[in-house]
Amino acid sequence: MPKVLAVADEVVEQLWTDQVRKHDVDLIVAAGDLPFDYLEYLSTALDKPCVFVPGNHDTDLTGYANVRGLWTRDGMPSRWPGPTGGMNADQRVVDVAGLRIAGLGGSIRYNEGPNQWTERQQSRRSRRMIRQASWRKLRDGRGVDVLLTHSPPRDCGDEEDAPHRGFACLHSTVRRLRPPLMLHGHIHPHGERKPDRHLGDTRVVNVVGYKVLDIPSSEVRDAP
C-alpha cells in the first residue's frame with residue numbers, strides 16, 4: 001500500500017528542513033501553488049518521485065515536451081521552468097510508485113493569469129484526460145487510483161468568492177473515473193479544519209499544507 005506525502009498551496013517550514021525525512025513515503029504529490037524549489041527539495045530529501053499539477057499562481061507550463069532528454073516548447077528548444085525531475089500530470093495519466101494518477105490543474109477563470117480555465121475549457125481538458133484513462137484501462141485493466149486536481153469540485157469543499165469556486169465538470173470526471181481518492185488544494189483552511197467529503201465512493205481530501213496518506217493501488221484492490 002503506497003504511502004504518499006500530499007502538499008498544496010502553503011509551504012510547511014518543517015518540511016523544508018531535515019525533519020521531512022521522518023516521513024517514510026513512496027511518493028510526493030503536489031496539488032499546485034507551491035514554489036518549485038520546495039517541491040525539488042522534498043523530492044531530493046526523500047529521494048522519491050514527485051507528481052504535480054499546476055495551480056493558478058504557478059508558471060504557465062503548457063506546450064512543453066521532453067523528447068529524448070531535450071525540453072521543447074511548441075517544437076522549439078526551451079528551458080523547462082517546472083521543478084527538476086517533477087512529473088507534470090496536468091491532463092495526463094501517469095503510473096508511479098504503484099499508483100495510477102490522473103491530473104487536472106488550474107482554477108476557474110477570474111482574471112487573465114495563467115492556469116485559469118472557464119468551465120467549458122476545463123470540461124474539454126477533463127475529457128481528454130478521461131480518454132487517456134479509458135485507453136489505459138482497456139489495455140491493462142487498471143483504473144485510476146488518485147484524481148489529483150488543484151481546484152475542488154463545485155459545492156464540494158469550494159467557496160463562493162469568484163477565485164475559489166470549484167469546477168462543476170469535476171463531478172462528471174469523478175463519476176467517469178471512479179477513483180477511490182481525489183486530492184485537491186486551492187482552498188486555504190485559515191486555521192479551520194476542512195473535513196473530507198465524498199462524491200459517491202470517492203473520498204475528496206483538501207491537502208493544503210500537507211497530509212500523509214496510505215493509498216491502496218488498484219492492483220491491491222482488485223487482487224483475489
Problem set entry | Closest heavy-atom pair and its distance - S126, L104 | CB-CD2, 3.8 Å

Exercise. Cationic tip of R125 within the cone over W117's six-membered ring, i.e. under 6.0 Å and within 45° of the normal?
Worked result: yes

Exercise. Counting distance only, does the side-chain N/O of Q122 pair as donor-acceptor with the main-chain N or O of F167 below 3.5 Å?
Worked result: no

Exercise. Do W71 and F36 share a hydrophobic cluster, counting only Ile, Leu, Val, Met, Phe, Trp and Tyr and linking them when any side-chain heavy atoms are less than 4.5 Å apart?
Worked result: yes

Exercise. In terms of hydrophobic clusters joined by side-chain contacts under 4.5 Å, are L61 and Y38 together?
Worked result: yes

For this session: Report the C-alpha distance between L170 and M182 in whole Å, list the side-chain angles of each, state the deciding distance to 0.1 Å, and finish with yes or no for side chain to side chain contact (heavy atoms under 4.5 Å, CB included).
Result: CA-CA 10 Å; L170 290 177; M182 177 181 180; 3.8 Å; yes

Problem set entry | Co-membership, hydrophobic cluster, residues V205 and I28, 4.5 Å side-chain | no

Problem set entry | Residue that, paired with M129, satisfies side-chain contact (heavy atoms from CB on, under 4.5 Å) out of L177, D90, V144 | L177

For this session: Apply the side-chain contact (heavy atoms from CB on, under 4.5 Å) test between L148 and each candidate in L181, L183, V207, V94; give the one that qualifies.
Result: L183

Exercise. Does one side chain, of R127 or S123, offer a donor that lies under 3.5 Å from an acceptor on the other?
Worked result: yes

Exercise. Using 30° and 60° as the class limits, which term best fits the ring planes of F52 and W80: parallel, tilted or perpendicular?
Worked result: tilted

For this session: Following the transitive rule for hydrophobic clusters with a side-chain heavy-atom cut-off under 4.5 Å over Ile, Leu, Val, Met, Phe, Trp and Tyr, establish whether V208 and V11 coincide in one cluster.
Result: no

Seminar exercise, completed: On a heavy-atom basis, the closest approach of R176 and I130 is NH2-CG2, 3.5 Å

Exercise. Between K137 and S134, is any pair of side-chain heavy atoms under 4.5 Å apart?
Worked result: no

Exercise. Do other residues, nucleotides or ligands put more than 12 heavy atoms under 6.0 Å from the NZ atom of K194?
Worked result: yes

Exercise. Is the side chain of D9 donor-acceptor paired with the backbone N or O of I187 at a distance under 3.5 Å, no angle test?
Worked result: no

For this session: Compute whether any side-chain donor of one residue and acceptor of the other, for N88 and Y64, lie under 3.5 angstrom apart.
Result: no

Exercise. Is the closest side-chain heavy-atom distance between L27 and V25 below 4.5 Å?
Worked result: no

Exercise. Would you find a donor on one side and an acceptor on the other, under 3.5 Å apart, between the side chain of Q116 and the backbone of P163?
Worked result: no

Exercise. Is a side-chain donor-acceptor pair under 3.5 Å present for H184 with N206?
Worked result: no

For this session: Using a 4.5 Å cut-off on heavy atoms from C-beta on, say whether the side chain of D37 contacts that of P83.
Result: no

Problem set entry | CZ (R139) with more than 12 external heavy atoms under 6.0 Å | yes

Exercise. Which distance, rounded to the nearest 0.5 Å, do you find between the CG of L15 and the NZ of K22?
Worked result: 8.0 Å

Problem set entry | CA sep, side-chain torsions, deciding dist, call: L42, H23, side chain to side chain contact (heavy atoms under 4.5 Å, CB included) | CA-CA 11 Å; L42 296 178; H23 296 292; over 6 Å; no

Exercise. Has the side chain of H150 got a donor or acceptor atom that lies under 3.5 Å from a matching backbone atom of S107?
Worked result: no

For this session: Using atom types as modelled and distance alone, determine if a side-chain donor or acceptor of S151 lies under 3.5 Å from a backbone N or O of G106.
Result: yes

Exercise. Under 3.5 Å, is there a donor-acceptor pair between the side chain of H186 and the main chain of P152?
Worked result: no

Problem set entry | Contact summary for L5 and Y210, nearest pair of heavy atoms | CD1-CD1, 3.6 Å

Problem set entry | Atom CG of D214 with >12 non-hydrogen neighbours under 6.0 angstrom | yes

Exercise. Do you see a donor-acceptor pair shorter than 3.5 Å between the side chains of Q121 and R124?
Worked result: no

Problem set entry | Flag side-chain contact, heavy atom, 4.5 Å: V4 against V212 | no

Exercise. Are the side chain of R21 and the backbone N or O of A45 linked by a donor-acceptor pair below 3.5 Å?
Worked result: yes

Problem set entry | Within 6.0 Å of NZ in K211, more than 12 heavy atoms from elsewhere | yes

Exercise. With a cut-off of 6.0 Å (strictly less than), are more than 12 heavy atoms of other residues, nucleotides or ligands near CZ of R136?
Worked result: yes

Problem set entry | Check: V7 and L39 side chains under 4.5 Å, non-hydrogen atoms | yes

Exercise. So, for V93 and A133, which heavy atoms are closest and what is the spacing to 0.1 Å?
Worked result: CG2-N, 3.7 Å

For this session: Kindly check if the number of other-residue, nucleotide or ligand heavy atoms within 6.0 Å of CG (D161) is above 12?
Result: yes

Exercise. Would you say the side-chain atoms of S78 and T72 include a donor-acceptor pair closer than 3.5 Å?
Worked result: no

Problem set entry | Cationic N near anionic O, under 4.0 Å, R100 to D95 | yes

Exercise. How far apart are the C-alpha atoms of T202 and L147, what are their side-chain angles, what is the distance that settles it, and do they pass the side chain to side chain contact (heavy atoms under 4.5 Å, CB included) test?
Worked result: CA-CA 9 Å; T202 298; L147 175 59; over 6 Å; no

Exercise. Salt bridge or not for R154 and D158, using N-O below 4.0 Å?
Worked result: yes

Problem set entry | Minimum side-chain heavy-atom gap I108-R165 below 4.5 Å | yes

For this session: Answer whether the closest heavy-atom distance between the side chains of T59 and P54 falls below 4.5 Å.
Result: no

Exercise. Do side-chain atoms of D58 reach the backbone of G55 as a donor and acceptor pair under 3.5 angstrom?
Worked result: yes

Seminar exercise, completed: Heavy-atom nearest pair, Y110 first then H57, reads OH-CE1, 3.9 Å

For this session: Identify the two heavy atoms, one from A89 and one from V53, that lie closest to each other, and give their separation to 0.1 Å.
Result: C-CG1, 4.1 Å

For this session: Determine whether more than 12 heavy atoms belonging to other residues, nucleotides or ligands lie under 6.0 Å from atom CD of Q14.
Result: yes

For this session: State whether a side-chain donor-acceptor pair under 3.5 Å links E40 with T84.
Result: yes

For this session: Decide yes or no for M87 and C50: does some side-chain heavy atom of the first lie under 4.5 Å from some side-chain heavy atom of the second?
Result: no

For this session: On the 0 to 90° scale, with breaks at 30° and 60°, tag the H164-H188 ring pair as parallel, tilted or perpendicular.
Result: perpendicular

For this session: Test V204 against D196 for side chain to side chain contact (heavy atoms under 4.5 Å, CB included), laying out the working first.
Result: CA-CA 6 Å; V204 181; D196 295 350; over 6 Å; no

For this session: Answer yes or no: are there more than 12 heavy-atom neighbours, outside N111 itself, under 6.0 Å from its atom CG?
Result: yes

